[in-house]
Amino acid sequence: METYDALLASITPAPGQNSRTIHDPATGEAVGEAPVHTVEDLQRAVDAAAAAQPAWAALGHDARSAALMKAADAVERSAEELAQLLSREQGKPLNGPNARFEVGACAAWLRATAATPLDPETVVDDGETRAELHYRPIGVVGAIGPWNWPMMITVWQIAPALRMGNAVVVKPSEYTPLSVLALAAIINQELPEGLLSVVSGGRDVGEALAAHDAIGKVMFTGSTATGKAIIRSSADTVKRLTLELGGNDAGIVLPDSDPKAIAEGLFWGAFINTGQTCAALKRLYVHESQYEAVCTELAAVAAAMPMGIGLDENNVLGPLQNRQQYEIVARLVEAARDSGARILLGGNPDADQPGNFYPTTLVADIDNDNPLVAEEQFGPALPIIKYSTVDEAIAKANALDVGLGASVWSSDLGAAREVASRIQAGTVWINKHGAVDPRVPFGGAKQSGYGLEFGIEGLKALGVPQVING
């Protein structure tokens, strides 16, 4: 276990290296210095990865899995220090489903990825023909991550890539590089040198990574616009891609639901990480018979959730990570207010408060084409839309060009499953929202991306399928 100061020192740029100061989004205070890597640094990392990868691949699944298990142990030994850094840099509180939760998820995903079996599959064996399907390493994988769950999503990318015998070069968000650098430094205690690198650069580095001819696959989590740019950049080298892009997840509350029983689940489905989650509940459709009751119960839960500086053990909601995202949320809430929508809670940020704090906001009596509904707010503001028939709710839920996740809330499991089957989304949860599991495949529909992560399907996505016939 390292002290917090030692962990931060281990990723501090050397004297003379280009760097920039990272600030706490809750207080504006300096957190630390992040290196500003260049395209030349990226090339060195790719060269080192390509050199280290063959020996790593030759170890086989069992040895690679054992290394990932040791990496999980190392993460747990430094869990509190990693959580402190994450809270300071990203803004999320230590408690609740936030910083400590995220670091714990890193260890859990490393272990689950290591433990997932992937045996050769016999696809034909009829006495005359025998064909087996195997998955071979790709080589070097590029991983481009977001700022909302910087550590956890990095592990989602690197754990299966490493398990399948690949080397990885990570390009973190410019907003949260310290968290990813620190996590990689801990994991690298159990890996061969050069196998896993973090290149903390700007957009030019991301573009060069996506186009690099020595990188065989890119994994990306982020906006649909950036995902489209990566597709274009990757075309000349015919890269494999896994893209987890923007979502604007719908939730449908059926008429037989118990508003009080589901209120807390609805709240965390929408406001986990202060709403800064791709697969968070961002549009809530409630039947007219339950509408006011759901609004009342949800507002009561939301009003009781403390928001503030992440290092305060009492808080479970934090600031928006950056000012740009704050302005998006503020603009969308004002558009709703100007349209005549009813602000049930929040919508009144304190201009004198330091940091990027936007209050927990619930908006009722809003049209489905209002910008707060039609655009992904990615923050602590939830529109609640009234519907009359289930067919109407499904049509509204499916109306957008994204489909990452969705949820159905009902006391009748059969009815909920029938509705779920009609929703155009990669995952539809029942009586919960956003509950990912390392054993269960996860990916988007429509413009929310393509490719699956997690479980056996996630491992396959980090390999090259090879059929041995004979």
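One is the number of the first residue; the rest follow in order along the sequence.
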Could you pull out all residues at least two apart from [X] that satisfy ring-ring contact (aromatic ring centres under 6.0 Å, His included)?
{"X": "Trp156", "result": "Trp109, Phe454"}
{"X": "Tyr326", "result": "Tyr358"}
{"X": "Phe271", "result": "Phe267"}
{"X": "His287", "result": "Tyr387"}

Output yes when a side-chain donor or acceptor of [X] lies under 3.5 Å from a complementary backbone atom of [Y], and no otherwise.
{"X": "Gln276", "Y": "Gln321", "value": "yes"}
{"X": "Ser421", "Y": "Glu418", "value": "yes"}
{"X": "Glu89", "Y": "Ser179", "value": "yes"}
{"X": "Thr116", "Y": "Ala112", "value": "yes"}
{"X": "Asp367", "Y": "Asn370", "value": "no"}
{"X": "Asn166", "Y": "Ala161", "value": "yes"}

For residues 312-319, which side-chain N or O atoms pair as donor and acceptor with protein atoms under 3.5 Å away, sequence neighbours left out?
unit_1: Asp312; atom_1: OD1; unit_2: Asn314; atom_2: N; d: 2.8
unit_1: Asp312; atom_1: OD1; unit_2: Asn314; atom_2: ND2; d: 3.2
unit_1: Glu313; atom_1: OE1; unit_2: Asn95; atom_2: ND2; d: 2.6
unit_1: Glu313; atom_1: OE1; unit_2: Arg100; atom_2: NH1; d: 2.9
unit_1: Glu313; atom_1: OE2; unit_2: Arg100; atom_2: NH2; d: 3.0
unit_1: Asn315; atom_1: ND2; unit_2: Ile309; atom_2: O; d: 2.9

Residues which pass side chain to side chain contact (heavy atoms under 4.5 Å, CB included) with [X], listed by chain and number, not counting sequence neighbours:
{"X": "Arg203", "answer": "Glu207"}
{"X": "Ala445", "answer": "none"}
{"X": "Asp125", "answer": "Thr122, Arg130"}
{"X": "Ile262", "answer": "Val253, Ser257, Leu266, Trp409"}

Heavy atoms of other groups near [X] [atom1], more than 12 under 6.0 Å:
{"X": "Lys70", "atom1": "NZ", "answer": "no"}
{"X": "Arg331", "atom1": "CZ", "answer": "yes"}
{"X": "Lys396", "atom1": "NZ", "answer": "yes"}
{"X": "Arg439", "atom1": "CZ", "answer": "no"}

For the residue pair [X] and [Y], establish whether any side-chain heavy-atom pair is separated by less than 4.5 Å.
{"X": "Arg283", "Y": "Leu400", "value": "yes"}
{"X": "Leu332", "Y": "Phe378", "value": "no"}
{"X": "Leu462", "Y": "Arg240", "value": "no"}
{"X": "Gln290", "Y": "Asp256", "value": "no"}
{"X": "Asn148", "Y": "Ile153", "value": "yes"}

Under the side-chain hydrogen bond (donor to acceptor under 3.5 Å, both in side chains) test, which residues partner Glu102, sequence neighbours left out?
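Partners of Glu102 by the side-chain hydrogen bond (donor to acceptor under 3.5 Å, both in side chains) criterion, ordered by chain and then number, come out as Lys92.
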
I'd like to check the side-chain hydrogen bond (donor to acceptor under 3.5 Å, both in side chains) partners of Lys239; sequence neighbours left out, ordered by chain and number.
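With sequence neighbours excluded, Lys239 shows a side-chain hydrogen bond (donor to acceptor under 3.5 Å, both in side chains) to Thr237, given in chain and number order.
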
Begin from the C-alpha positions of Glu288 and Ser388 and carry the test side chain to side chain donor-acceptor pair (under 3.5 Å) through to its verdict.
CA-CA 6 Å; Glu288 57 193 8; Ser388 298; 3.1 Å; yes

Considering all heavy atoms, the nearest Lys217-Ala461 contact:
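Smallest heavy-atom distance, with atoms named: NZ-O, 2.7 Å.
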
Could you give me the CA-CA distance, side-chain angles and deciding distance for Arg111 and Asp73, then say whether salt bridge (charged side-chain N to carboxylate O under 4.0 Å, His left out) is met?
CA-CA 9 Å; Arg111 288 200 176 98; Asp73 293 341; 2.6 Å; yes

Acceptor/donor pairs from residues 344-357 side chains to any protein atom, 3.5 angstrom cut, sequence neighbours excluded:
unit_1: Asp350; atom_1: OD1; unit_2: Asp352; atom_2: N; d: 3.0
unit_1: Asn356; atom_1: OD1; unit_2: Arg323; atom_2: NH1; d: 3.2
unit_1: Asn356; atom_1: ND2; unit_2: Leu320; atom_2: O; d: 3.3

